[in-house]
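Values in this document were obtained by computation on a predicted structure and should not be read as measured data.
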Amino acid sequence: MNKTRKKLRWKDLSLAVKVLIQVIIVAVILFGTNTLLYWQMNRTMQTLDAVYASNVDITELAQSLEKVQIGMYDYLTVKSSDTLEDYYRYEENYRKLLEKLNEQVMENPVKLLERNIRNMSETYLAYTAETVQAKRGRNVEKYKDSYGEALQVYHYLNTYIGELNGQQFLNNSSSYQALQSAIWYLEIVSSVLLIMVMGICMLMLYLMVKSVSAPLTRLAATVKLVGQANFNVKMPSTDAGDEVGVLTRTFNSMVSSLEEYVNLTKENMVKEQKMMERELLMTNHLKEAQLKYLQSQINPHFLFNSLNAGAQLAMMEDAEKTSIFVEKMADFFRYNVKKGSEDATLREEVEAVENYIYILNVRFSGEIHYTTDVDESVLDCRIPSMILQPIVENAVNHGIRNIDWEGRIHLCIRRKEEYIQISVKDNGKGISRERIRQILDGEITSEEEAGDSTGVGMNNVISRLELYYGEKGLLSIQSQGEDLGTEVIIQIPDSTRC
């Protein structure tokens, strides 16, 4: 026999759910309104910032041109390697700024003026280069003539750049006035929206209070009559499923039979007692779990202390290889426990990787060929602990494990201009672009990374790097495809920790 499913009605919802729904609706309205206002305001401010950006660029171009002229003049008067280096640096910076200018033939006066400045700048830079070369070759007449030509073009350029700056300022002023009007309009719209939201919220609260207070008022009047020993009165029957409906039906039952009410009270007390017993049981379970957690912290220390004892015993029995292996194991576990929540030097990280590779080669008969190319000057730099070993472990488990050719892993650490680059490269199975994206986006679960592992996954490594340095994109993965190997690259940006 099929049971008819009861349709959920508003009056069947509990008061808590009703209030929650009201709050959610109000929160959504407020959030949507604030988001819209914030987005519009942010967009307007970005446009406002961009209004005079062109004037800033033109001013920077003029300052860069002046530096080129001064750099050339300083070299002509001093003729030292420092002044020559300054000149070339100023020239390079000026050329980069010129790339922002228009180079196409256009009817727009501003764009046409930009093109003229760009072409004239090329002529000017040619004269300055000719002047410097003549000075270096000690051709006095040549560099004097070239300097005069360069100086003349320099004055023309300053004139054109000033004219361009003035035209841009006029254009930007009109745009600025339009943006001011837009901001004023946005303020009015924001005020109207906020007033509307407040009105909607007040109306919703009024309806909610009214829907709750009306039956409660009737119930209060009936309770007053019952308090006067009038047990013949009842509340109007209702099928509502909320607290008010339940209270009404309970009140009617109480009036009909006080004994039943007493029994119901006793039953509630029994239920409350059971809940207290259950809470006490949960408290005991929690204490037991905390005790097991403390024990789990002690076990690693016991493990590597036992390994040290085993290493000493092996040495006493002249089992040198066994002694070295056990010592490596003890060092590796000690590093894991000691550095679990600290940072470490690159030297310590490299030593941990070497211990890990040594342990694996003992287990798998030396099938892992591991090489390093490390800049010794950076080994005292500090990084988050347990960063390199999980990457090398990943290269072993997912790169060179079970391949048909000789597996190799290469660790390279080099100091670049503004960062330290760490590379872990293998010649294994390779990895697809989709898999790389999943790893970098944190879509690989801990279960997928589990297995014969120390328990620290790539997600953990990426997260701790971002937290430690306060920026993203420090770790990248490169692979040319299947069976072409994989390279994991970390860029350490904070040279002040070295």
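- Inter-residue side-chain proximity for L474 and E466 is flagged as unmet; no heavy-atom pair is nearer than 4.5 Å.
- A heavy-atom distance below 4.5 Å is not found between the side chains of K416 and I420.
- You'll find the side chain of L388 stays beyond 4.5 Å of the side chain of V461, heavy atoms only.
- Legend: residues meeting side chain to side chain contact (heavy atoms under 4.5 Å, CB included) with V28, ordered by chain and number and at least two apart, are I24.
- Across I439 and N459, no two heavy atoms sit closer than the pair O-OD1, 3.7 Å.
- Residues N361 and Y370 have side chains not in contact (no heavy-atom distance under 4.5 Å, counting atoms from C-beta outward).
- A search for salt bridge (charged side-chain N to carboxylate O under 4.0 Å, His left out) contacts involving D404 returns nothing, not counting sequence neighbours.
- Qualifying side chain to side chain contact (heavy atoms under 4.5 Å, CB included) partners for E91, counting only residues two or more places apart in sequence or in other chains: Y87, Y88, R95, L125.
- Closest heavy-atom contact between A344 and E348: CB-OE1, 3.3 Å.
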Between R437 and E434, does a salt bridge (Lys or Arg N to Asp or Glu O under 4.0 Å) hold up when you go through it step by step? CA-CA 5 Å; R437 183 195 64 78; E434 176 62 19; 2.6 Å; yes
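- Heavy-atom minimum distance, I117 versus L157: O-CD2, 3.7 Å.
- Between D343 and R382 a salt bridge is recorded (basic side-chain N to carboxylate O distance below 4.0 Å).
- To the nearest 0.5 Å, atoms OH (Y156) and CE (M120) are separated by 8.5 Å.
- Around the NZ atom of K79, the shell of radius 6.0 Å holds more than 12 heavy atoms that belong to other residues, nucleotides or ligands.
- Separating the CG atom in L101 from the CG atom in D57 is a distance of 9.0 Å, to the nearest 0.5 Å.
- Taken to the nearest 0.5 Å, the CD atom of Q438 stands 7.0 Å off from the OG atom of S432.
- Side-chain atoms of R433 do not come within 3.5 Å of backbone N or O of G481 as any donor-acceptor pair.
- Interatomic distance, CD of Q63 versus CG of L97, reported as 10.0 Å (0.5 Å rounding).
- Taking the side chain as every heavy atom from C-beta outward, P493 and E418 never approach each other to under 4.5 Å.
- By the 4.5 Å heavy-atom criterion applied to side chains, I490 and I391 are counted as neighbours.
- A donor-acceptor pair under 3.5 Å is formed between the side chain of K429 and the backbone N or O of R401.
- Considering every non-hydrogen atom in both I413 and V350, the closest pair reads CD1-CG2, 3.8 Å.
- The salt bridge (charged side-chain N to carboxylate O under 4.0 Å, His left out) contacts involving residues 81-90 comprise D86-R89, where partners must be two or more places apart or lie in separate chains.
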side-chain contact (heavy atoms from CB on, under 4.5 Å) for V392 and Q389? Distances and angles first, verdict last. CA-CA 5 Å; V392 174; Q389 184 273 328; 5.7 Å; no
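- Listed by first and then second residue, the side chain to side chain donor-acceptor pair (under 3.5 Å) pairs that reach into residues 475-487 are S423-E487, sequence neighbours excluded.
- A donor-acceptor pair shorter than 3.5 Å can be found between the side chains of Y94 and S121.
- E141 is linked by a side chain to side chain contact (heavy atoms under 4.5 Å, CB included) to N139, counting only residues two or more places apart in sequence or in another chain.
- In terms of modelled atom types and a separation under 3.5 Å, the side chain of S463 and the main chain of N460 share no donor-acceptor contact.
- For N158, the side chain to side chain donor-acceptor pair (under 3.5 Å) criterion is met by Y154, not counting sequence neighbours.
- Summarising the geometry of R415 relative to S377, their closest heavy-atom pair is NH2-O, 3.6 Å, with the distance given to 0.1 Å.
- Residues forming a side chain to side chain contact (heavy atoms under 4.5 Å, CB included) with N108 (at least two apart in sequence, or on another chain): V110, K111.
- Between the E349 side chain and the I387 main chain, a donor and an acceptor come within less than 3.5 Å of each other.
- Applying the side chain to side chain donor-acceptor pair (under 3.5 Å) test to Q421 and every residue at least two apart in sequence or in another chain returns nothing.
- Listed by first then second residue, pairs satisfying salt bridge (charged side-chain N to carboxylate O under 4.0 Å, His left out) with a partner in residues 124-135 read E130-K142, not counting sequence neighbours.
- Here the CG-CG distance, from L61 to N93, works out to 9.5 Å after rounding to the nearest 0.5 Å.
- In this structure, L84 and R136 have side chains that are in contact, with non-hydrogen atoms separated by less than 4.5 Å.
- Looking at W405, its side chain does come within 3.5 Å of a backbone N or O of N427 through a donor-acceptor pair.
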Which donor-acceptor pairs under 3.5 Å do side chains of residues 66-76 form with protein atoms, sequence neighbours excluded?
{"unit_1": "Q69", "atom_1": "OE1", "unit_2": "Y124", "atom_2": "OH", "d": "2.5"}

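- If you run side-chain contact (heavy atoms from CB on, under 4.5 Å) between C412 and each of T372, T371, D373, V424, only D373 comes through.
- Closest heavy-atom contact between R414 and D375: NH1-N, 3.1 Å.
- No salt bridge links R408 with D426; every basic N to acidic carboxylate O contact stays at or beyond 4.0 Å.
- Annotation: side chain of M458 is in contact with side chain of L475 (closest heavy-atom distance under 4.5 Å).
- T131 and T128 share no side-chain donor-acceptor pair at under 3.5 Å.
- Taking S81 as the reference, nothing meets the side chain to side chain donor-acceptor pair (under 3.5 Å) condition, with sequence neighbours excluded.
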